[in-house]
Engineer: 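Before anything else, here's the structure in question.
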Amino acid sequence: MEGVLESIRRRSKALKHRNAKPAIERFLEVQEDHFEERIEIRIDIRPRQTLRLKLWSDRFIDVWAAESVWQAGWKFQYQKSGRFVGGIDGRKIVGAIEESLSAMFEMTADDTSELEQTWKPLLASGPSAL
């Protein structure tokens, strides 16, 4: 998780050129005899377009991207969860964030496969029922 924060810090100028300034919050969840750290990253690209990531200390990541349309619901929504398979280096995650921001520029509900192509190779979702 520290690698992700360091990579975001290093790429902050590039993200600013995309009008994307990440809001980063750190949480520490305490349950009985152990604690778990979580980081939430929220990037509001335009007034109604958001990319949100939740990262847990066990490398589990939840990605949510959406754009709302005033009085009409959602222009698009995308959600993907899984365990990050890229090791401890945060560069791959920040690269996927940047790819997602580019893909979201004129995205519609039919175009969310671009986000799936970005995140699917990075997040292992485990076995699923057929």
Side-chain angles (χ1 to χ4, degrees):
M1 288 178 26
E2 294 300 323
V4 174
L5 296 177
E6 178 64 22
S7 293
I8 287 175
R9 186 190 66 75
R10 287 183 179 178
R11 297 291 298 162
S12 63
K13 189 179 273 188
L15 290 170
K16 285 179 189 176
H17 287 297
R18 296 175 188 256
N19 293 330
K21 182 160 175 43
I24 301 170
E25 294 183 278
R26 240 181 164 141
F27 297 93
L28 191 60
E29 295 180 6
V30 179
Q31 297 176 356
E32 294 180 15
D33 60 343
H34 73 284
F35 66 92
E36 187 172 50
E37 186 177 11
R38 180 181 86 232
I39 295 175
E40 291 187 9
I41 302 168
R42 181 185 176 108
I43 302 172
D44 293 323
I45 306 153
R46 294 191 264 174
R48 291 186 176 94
Q49 198 173 59
T50 300
L51 176 64
R52 185 176 64 214
L53 282 83
K54 292 181 183 180
L55 300 96
W56 281 266
S57 56
D58 64 353
R59 297 185 340 205
F60 190 83
I61 298 176
D62 183 46
V63 179
W64 184 78
E67 182 174 353
S68 64
V69 178
W70 189 68
Q71 294 186 342
W74 299 103
K75 184 175 178 183
F76 73 87
Q77 275 189 322
Y78 172 79
Q79 194 275 332
K80 180 84 175 164
S81 298
R83 191 163 314 278
F84 180 61
V85 295
I88 60 172
D89 187 13
R91 283 183 266 167
K92 289 183 179 179
I93 294 174
V94 175
I97 289 172
E98 290 184 40
E99 283 182 42
S100 298
L101 295 175
S102 295
M104 289 169 64
F105 182 65
E106 289 292 324
M107 185 170 282
T108 64
D110 298 331
D111 301 331
T112 57
S113 62
E114 293 179 38
L115 293 173
E116 183 70 12
Q117 290 174 350
T118 300
W119 289 102
K120 188 175 182 176
L122 298 176
L123 301 177
S125 58
S128 58
L130 295 176

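From a predicted model like this one, the values you see are computed outputs, not experimental measurements.
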Engineer: Does atom CZ of Arg83 have more than 12 heavy-atom neighbours from other groups under 6.0 Å away?
Structural biologist: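 Yes, enclosed.
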
Engineer: Please name the pair of heavy atoms, one in Ser7 and one in Val94, separated by the smallest distance, quoted to 0.1 Å.
Structural biologist: CB-CG2, 3.4 Å

Engineer: Report yes if the side chains of Ile93 and Leu53 come closer than 4.5 Å at any heavy-atom pair, otherwise no.
Structural biologist: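 Contact flag for Ile93/Leu53 side chains = yes.
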
Engineer: Heavy atoms, side chains only, cut-off 4.5 Å: are Leu5 and Ile24 in contact?
Structural biologist: yes

Engineer: As an exercise, state the distance from CE of Met104 to OG1 of Thr50, rounded to the nearest 0.5 Å.
Structural biologist: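 Here the interatomic distance stands at 7.0 Å.
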
Engineer: Is there a path of hydrophobic side-chain contacts, each under 4.5 Å between heavy atoms of I/L/V/M/F/W/Y residues, joining Leu115 to Ile45?
Structural biologist: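 Result: yes, single cluster for both.
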
Engineer: In Å and rounded to the nearest 0.5 Å, what is the CD to CZ distance from Glu67 to Phe105?
Structural biologist: 10.0 Å

Engineer: Over all heavy atoms of both residues, which pair between Ser81 and Phe60 is shortest? Give the atoms and the distance, please.
Structural biologist: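 In this case the closest contact between Ser81 and Phe60 is CB-CZ, 3.7 Å.
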
Engineer: Taking C-beta and beyond as the side chain, do Phe76 and Gln49 meet within less than 4.5 Å on heavy atoms?
Structural biologist: yes

Engineer: Which pair of heavy atoms, one from Leu123 and one from Gly82, lies closest together, and at what distance?
Structural biologist: CD2-O, 3.8 Å

Engineer: Where is the tightest heavy-atom contact between Phe84 and Lys92, given as atom of each residue plus distance?
Structural biologist: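 For Phe84 and Lys92, the tightest heavy-atom pair comes out as CZ-CB, 4.1 Å.
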
Engineer: Are Ile61 and Lys80 packed together at the side-chain level, in the sense that at least one heavy-atom pair is separated by less than 4.5 angstrom?
Structural biologist: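 No, side chains not in contact.
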
Engineer: Could you state whether Ile43 and Trp64 fall into the same hydrophobic cluster, counting links through intermediate Ile, Leu, Val, Met, Phe, Trp or Tyr residues with side-chain heavy atoms under 4.5 angstrom apart?
Structural biologist: no

Engineer: How many angstroms lie between CD in Glu116 and CD in Glu114, if you round to the nearest 0.5 Å?
Structural biologist: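 Answer rounded to 0.5 Å: 12.0 Å.
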
Engineer: So do Ile97 and Arg11 actually touch side chain to side chain, heavy atoms under 4.5 Å?
Structural biologist: no

Engineer: For Thr112 and Gln77, work out which heavy atoms get closest and say how close.
Structural biologist: CG2-O, 3.8 Å

Engineer: Could Arg52 and Glu40 be called an ion pair, given the rule that one side-chain N must be under 4.0 Å from one carboxylate O?
Structural biologist: no

Engineer: How close do Arg26 and Ile39 get, counting heavy atoms only, and between which atoms?
Structural biologist: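 Minimum heavy-atom separation between Arg26 and Ile39: CG-CG1, 3.8 Å.
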
Engineer: What distance do Arg42 atom CZ and Lys21 atom NZ have between them, rounded to the nearest 0.5 Å?
Structural biologist: 15.0 Å

Engineer: Atom NZ of Lys75 and atom CE of Met107: how far apart are they, to the nearest 0.5 Å?
Structural biologist: 10.0 Å

Engineer: Before accepting this row, confirm whether a basic side-chain N of the pair Glu36/Arg38 lies closer than 4.0 Å to the acidic partner's carboxylate O.
Structural biologist: no

Engineer: Counting heavy atoms not belonging to Lys120, are there more than 12 under 6.0 Å from its NZ?
Structural biologist: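 Counting neighbours around NZ of Lys120, 12 or fewer heavy atoms of other residues, nucleotides or ligands fall under 6.0 Å, so no.
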
